J.: 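Please see the structure below; I have some questions.
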Amino acid sequence: MQTVLSGIRPTGNLHLGNYFGAVKNFVKMQENNNCYFFIADYHSLTTHPKPEDLQENVRKVLSEYIACGLDPEKSTIYIQSDMPQVAELYLLLGMNAYVGELERTTTFKEKVRKQPENVNAGLLTYAVLMAADILIHNAHKVPVGKDQEQHLEMTRKFAQRFNRIYEVDYFNIPEPYNFGEKLVKVPGLDGSGKMGKSEGNAISLIDEPKVIRKKVMKAVTDAGPAEQNSTKPEPVQNLFSLMELVSNKDTISYFNDKYNACEIRYGDLKKQLAEDIIVFTTPIRERILDIYNNSEYLNKIMKIGKEKAIESGSKTISEVRKIIGFKPF
Ligand code: ADP
Ligand code: TRP
């Protein structure tokens with residue numbers, strides 16, 4: 001069985017894009033892999049969150065992922081900062097990571113440009129910490145979005161370098177996890193591009209029905225088709241693409257037929273789409289709230305995750321220390 005690992009940023013409020021583009025695949029991934037999922041709270045310190053927000057963010061995001069189907073019985077779900085071994089491996093890997101290559105990382109260069117007032121060393125060594133996250137469990141595969149591909153490439157480099165320097169074949173060289181099918185792109189409601197938190201066009205899993213109705217009713221459309229069977233322009237296609245994700249086949253063909261016959265009423269389509277999104281998100285929203293409000297359950301899960309993660313991490317660290325040459329006196 002392969003070990004697959006993914007880090008999750010503690011930024012909460014998953015939207016439909018995150019769900020259909022990533023989390024749904026994570027849930028499936030658990031079935032035939034040895035999965036580790038952790039909340040990357042050490043990484044989040046690069047932006048200096050307030051102490052009172054730190055744990056709150058972690059609890060929120062944990063509740064969301066578990067409500068979506070990450071299963072503490074099938075996978076190891078833990079908090080990065082619960083595992084000191086990761087900090088130790090980060091220190092050790094850092095000795096063989098070169099400032100030049102870290103400075104050339106795209107994400108680092110972008111931060112330097114965007115927040116020149118806070119270019120901390122944690123940002124510079126972000127990729128080293130991410131490599132430690134992955135190598136601490138000697139993962140074979142990592143599901144990564146576009147923005148994280150370079151970090152995985154650096155992890156591969158650090159792992160190969162370690163193996164070469166110490167003349168061992170210790171670390172697996174981790175590869176991107178391939179979901180096998182075409183990745184869905186979930187469109188936003190503003191007529192162009194994809195749904196995203198920062199784009200302000202997202203429907204969150206935690207949104208109340210009335211919020212969802214309001215957002216969908218405001219979605220961009222056009223004046224309607226002028227000719228029968230015409231191609232749908234982007235804003236309209238986007239609404240149909242969302243329907244593909246949440247509505248049943250009959251509903252989709254009903255509105256397609258209406259569109260093709262130039263009889264479509266976008267108001268009706270939006271009303272139906274909003275209700276179908278609500279049917280889809282309501283059970284998830286209820287689970288999120290149940291889990292979030294059940295501290296006892298969350299604490300129990302985090303304790304189990306921590307123990308499993310530490311067991312795996314301690315093994316790696318003691319082997320790595322031996323390879324490097326640390327010996328007990
Ligand atoms: P955001 O900042 O909008 O929450 P992220 O970039 O943090 O989104 O997304 C995390 C992951 O969720 C991405 O790697 C991608 O797999 C998935 N994702 C986000 N938005 C979409 C989308 N609109 N369509 C498909 N997948 C998405
Ligand atoms: N950097 C990742 C992100 O921003 C989160 C992350 C941290 C991660 N460590 C990881 C992802 C290890 C995969 C593997 O989304």
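Side chains included, hydrogens not; waters and symmetry mates left out as well; all remaining heavy atoms used. These numbers come from a predicted model, not from an experiment.
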J.: Under 3.5 Å, side chain of Thr316 to main-chain N/O of Ser312, donor-acceptor pair present?
T.: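 Yes, Thr316 side chain to Ser312 backbone: donor-acceptor pair under 3.5 Å.
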J.: Got a second to check how far Glu199's CD is from Asp190's CG, nearest 0.5 Å?
T.: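 CG of Asp190 is found 8.0 Å from CD of Glu199.
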J.: Phe171 pairs by ring-ring contact (aromatic ring centres under 6.0 Å, His included) with which of Phe162, Phe158, Tyr166?
T.: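 Filter result, single survivor: Phe162.
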J.: Please check this pair: side chain of Asn33 against backbone of Met1, looking for a donor-acceptor N/O pair closer than 3.5 Å.
T.: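 No; judged by distance alone, with no hydrogens or angles, the pair does not exist.
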J.: List the steps and the verdict of side-chain contact (heavy atoms from CB on, under 4.5 Å) for Lys271 and Arg213.
T.: CA-CA 7 Å; Lys271 260 189 214 142; Arg213 287 192 190 103; over 6 Å; no
J.: Is the closest side-chain heavy-atom distance between Arg161 and Asn96 below 4.5 Å?
T.: yes
J.: Could you check if a side-chain atom of Lys141 sits within less than 4.5 angstrom of a side-chain atom of Asn178, using non-hydrogen atoms only?
T.: no
J.: Do Asn238 side-chain atoms and Pro187 backbone N/O form a donor-acceptor pair below 3.5 Å?
T.: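 Side chain of Asn238 to backbone of Pro187, a donor-acceptor pair under 3.5 Å: no, none is there.
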J.: Where the side chain of Arg156 meets the backbone of Pro174, is there a donor-acceptor pair that is under 3.5 Å apart?
T.: yes
J.: Is there side-chain contact between Thr11 and Asn57, with heavy atoms separated by less than 4.5 Å?
T.: no
J.: Decide yes or no on salt bridge (charged side-chain N to carboxylate O under 4.0 Å, His left out) for Arg164 and Glu167, but give the supporting numbers first.
T.: CA-CA 5 Å; Arg164 198 180 57 244; Glu167 297 179 7; over 6 Å; no
J.: Under 3.5 Å, is there a donor-acceptor pair between the side chain of His151 and the main chain of Met130?
T.: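 Answer holds: no.
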J.: Establish, from distance only, whether the side-chain atoms of Tyr90 and Thr125 form a donor-acceptor pair under 3.5 Å.
T.: yes
J.: Under a single-linkage definition using a 4.5 Å side-chain heavy-atom cutoff for Ile, Leu, Val, Met, Phe, Trp and Tyr, are Ile77 and Leu54 assigned to the same hydrophobic cluster?
T.: no
J.: How many angstroms lie between atom CG of Asp41 and atom CG of Asp82, to the nearest 0.5 angstrom?
T.: 7.5 Å
J.: Examine the side chains of Gln272 and Asp268 and answer whether a donor and an acceptor come within less than 3.5 Å of each other.
T.: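 No, Asp268 and Gln272 have no side-chain donor paired with an acceptor closer than 3.5 Å.
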J.: For the pair Asp133 and Gln80, evaluate side chain to side chain donor-acceptor pair (under 3.5 Å) and give the outcome as yes or no after the intermediate values.
T.: CA-CA 8 Å; Asp133 292 328; Gln80 189 184 29; 2.9 Å; yes
J.: Quick check: is Leu124 connected to Leu91 through a chain of hydrophobic side chains (ILVMFWY, heavy atoms under 4.5 Å apart)?
T.: yes
J.: Do Gln237 and Ser241 meet the criterion of a side-chain donor-acceptor pair at a distance under 3.5 Å?
T.: yes
J.: Return yes if some donor-acceptor pair links the side-chain N/O of Arg321 with the main-chain N/O of Lys327 below 3.5 Å, else return no.
T.: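 No, Arg321 side chain to Lys327 backbone: no donor-acceptor pair under 3.5 Å.
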J.: Would you say that Leu14 contacts Val23 through its side chain, given a criterion of any heavy-atom pair below 4.5 Å between the two side chains?
T.: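 Yes - at least one pair of side-chain heavy atoms lies under 4.5 Å apart.
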J.: Can you confirm whether or not the ring centre of Tyr177 sits under 6.0 Å from the ring centre of Phe179?
T.: yes
J.: Is atom CD of Gln115 surrounded by more than 12 heavy atoms (other residues, nucleotides or ligands) closer than 6.0 Å?
T.: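 Enclosed: over 12 neighbouring heavy atoms sit under 6.0 Å from CD of Gln115.
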J.: Evaluate whether atom CD of Glu56 has more than 12 neighbouring non-hydrogen atoms of other residues, nucleotides or ligands under 6.0 angstrom away.
T.: yes
J.: Using only atom types and a distance under 3.5 Å, with no angle test, would you say the side chain of Gln30 pairs donor to acceptor with the backbone of Asp71?
T.: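 Flag set: sc Gln30 to bb Asp71 pair under 3.5 Å.
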J.: Do Asn248 and Asp250 have side-chain N/O donor and acceptor atoms under 3.5 Å apart?
T.: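 Not at all, the side chains of Asn248 and Asp250 share no donor-acceptor pair under 3.5 Å.
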J.: Would you sort out whether Ile252 and Asn256 count as a side-chain contact (heavy atoms from CB on, under 4.5 Å), showing the intermediate values?
T.: CA-CA 6 Å; Ile252 300 168; Asn256 256 320; 3.7 Å; yes
J.: Within a strict 4.5 Å, meaning less than it, do heavy atoms of the Met83 and Lys306 side chains meet?
T.: no
J.: Has Asn163 got a side-chain atom pairing as donor or acceptor with Asp169's backbone, closer than 3.5 angstrom?
T.: no
J.: Can you confirm whether or not the ring centre of Tyr78 sits under 6.0 Å from the ring centre of His137?
T.: yes
J.: Would you say Arg285 and Ser204 are linked by a side-chain donor-acceptor pair, where the criterion is simply a distance under 3.5 Å?
T.: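 Side-chain D/A pair, Ser204 to Arg285: absent.
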J.: Hey, does Thr46 have a side-chain heavy atom less than 4.5 Å from the side chain of Tyr42?
T.: no
J.: Give a yes or no on whether the backbone of Asp290 and the side-chain of Asn294 come within a donor-acceptor separation of less than 3.5 Å.
T.: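 No, because the side chain of Asn294 does not come within donor-acceptor range (under 3.5 Å) of the backbone of Asp290.
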J.: So, Glu103 and Lys109, do they make that salt bridge, N to O below 4.0 Å?
T.: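 No, no charged N to carboxylate O under 4.0 Å.
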J.: Near Lys111 NZ, under 6.0 Å, is it more than 12 heavy atoms from other residues, nucleotides or ligands?
T.: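 Counting neighbours around NZ of Lys111, 12 or fewer heavy atoms of other residues, nucleotides or ligands fall under 6.0 Å, so no.
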J.: Tyr259 ring centre to Lys232 NZ or CZ under 6.0 Å, with the angle to the axis within 45°?
T.: yes
J.: If you count every heavy atom of other residues, nucleotides or ligands that lies below 6.0 Å from Tyr254 atom OH, does the total exceed 12?
T.: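 Count not over threshold, so no.
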J.: Given 3.5 Å as the limit, does a donor-acceptor pair link the side chain of Thr282 with the main chain of Val279, or not?
T.: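 Answer holds: no.
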J.: Could you walk me through whether Tyr126 and Thr107 pass the side chain to side chain donor-acceptor pair (under 3.5 Å) test, one step at a time?
T.: CA-CA 9 Å; Tyr126 190 102; Thr107 44; over 6 Å; no
